[in-house]
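Throughout, numbering of the chain's residues begins at 1 and tracks the sequence.
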Amino acid sequence: IKMREYARTHHKSTKVLVGVMSLATRKSIEQLALEVPVMWPDGTWNCQNWILDLLTRMHRAGIISQRRWEEVVGAAHNGQEQLSYGNIVP
């Protein structure tokens, strides 16, 4: 199997909308992202864990609400491609 064909048939990515945000909020998210450790994939950790860690940090920082965190994480786990934008703290 060619690598491109394998990736297309075996890997699924999902686009989940977190919200509309100000530049200041985006910069806060970027700073949080810099603090999330990157581990070597070992069968128990992968890039999805990194995203979940970042979303959790965003929630703890008050950037997204508990409800929004649950919607985004749930949509990602369920493979949903569309969510309403909701509001992000400016």
Side-chain angles (χ1 to χ4, degrees):
I1 294 178
K2 292 181 182 177
M3 193 57 141
R4 191 174 282 170
E5 181 181 333
Y6 177 84
R8 187 179 72 244
T9 59
H10 289 83
H11 293 89
K12 182 179 178 188
S13 63
T14 301
K15 180 179 180 180
V16 178
L17 304 174
V18 176
V20 177
M21 63 198 76
S22 68
L23 178 59
T25 300
R26 193 192 88 198
K27 289 184 180 273
S28 295
I29 294 169
E30 289 173 359
Q31 184 58 47
L32 289 172
L34 290 172
E35 298 168 6
V36 177
V38 175
M39 313 294 227
W40 188 260
D42 62 1
T44 61
W45 189 95
N46 61 37
C47 59
Q48 295 163 353
N49 299 100
W50 187 91
I51 293 293
L52 182 57
D53 190 342
L54 177 59
L55 288 167
T56 300
R57 290 169 190 247
M58 290 168 60
H59 172 260
R60 289 181 183 153
I63 296 172
I64 59 174
S65 68
Q66 177 70 32
R67 179 175 176 228
R68 193 63 184 156
W69 182 89
E70 290 170 0
E71 289 174 348
V72 170
V73 171
H77 283 298
N78 294 325
Q80 296 176 6
E81 293 191 17
Q82 294 295 323
L83 271 180
S84 63
Y85 276 99
N87 292 323
I88 293 255
V89 176

- Hey, are the side chains of Lys27 and Leu23 touching, using non-hydrogen atoms and a 4.5 Å cut-off? yes
- Query: Does some side-chain heavy atom of Val72 sit less than 4.5 Å from a side-chain heavy atom of Ile64?
  - Reply: no
- Reported CZ-to-CZ distance for the pair Arg57 and Arg60, which is rounded to 0.5 angstrom: 8.0 Å
- How many angstroms lie between atom CG of Leu54 and atom CD1 of Ile63, to the nearest 0.5 angstrom? 8.5 Å
- Item | Set of side-chain hydrogen bond (donor to acceptor under 3.5 Å, both in side chains) partners for Glu35, sequence neighbours left out | Gln31
- Task: Can you sort out the partners of Arg26 under side-chain hydrogen bond (donor to acceptor under 3.5 Å, both in side chains), two or more places apart, ordered by chain and number?
- Result: Glu30
- Query: Between Glu71 and Arg68, does at least one N-O distance fall below 4.0 Å, as a salt bridge requires?
  - Reply: yes
- Query: Under the side-chain contact (heavy atoms from CB on, under 4.5 Å) test, which residues partner Ile51, sequence neighbours left out?
  - Reply: Leu55
- Message: For Trp69 versus Thr56, what's the shortest heavy-atom pair and its separation?
- Response: NE1-OG1, 3.4 Å
- Query: Any idea which heavy atoms bring Trp50 and Trp45 closest together, and the distance?
  - Reply: CB-CZ2, 3.8 Å
- Sort out for me which residue in Thr25, Asp53, Leu32 forms a side-chain contact (heavy atoms from CB on, under 4.5 Å) with Met58. Leu32
- Message: Check for me, please, whether Met21 and Leu34 land in the same ILVMFWY cluster - side-chain distances under 4.5 Å, paths through other members count.
- Response: no
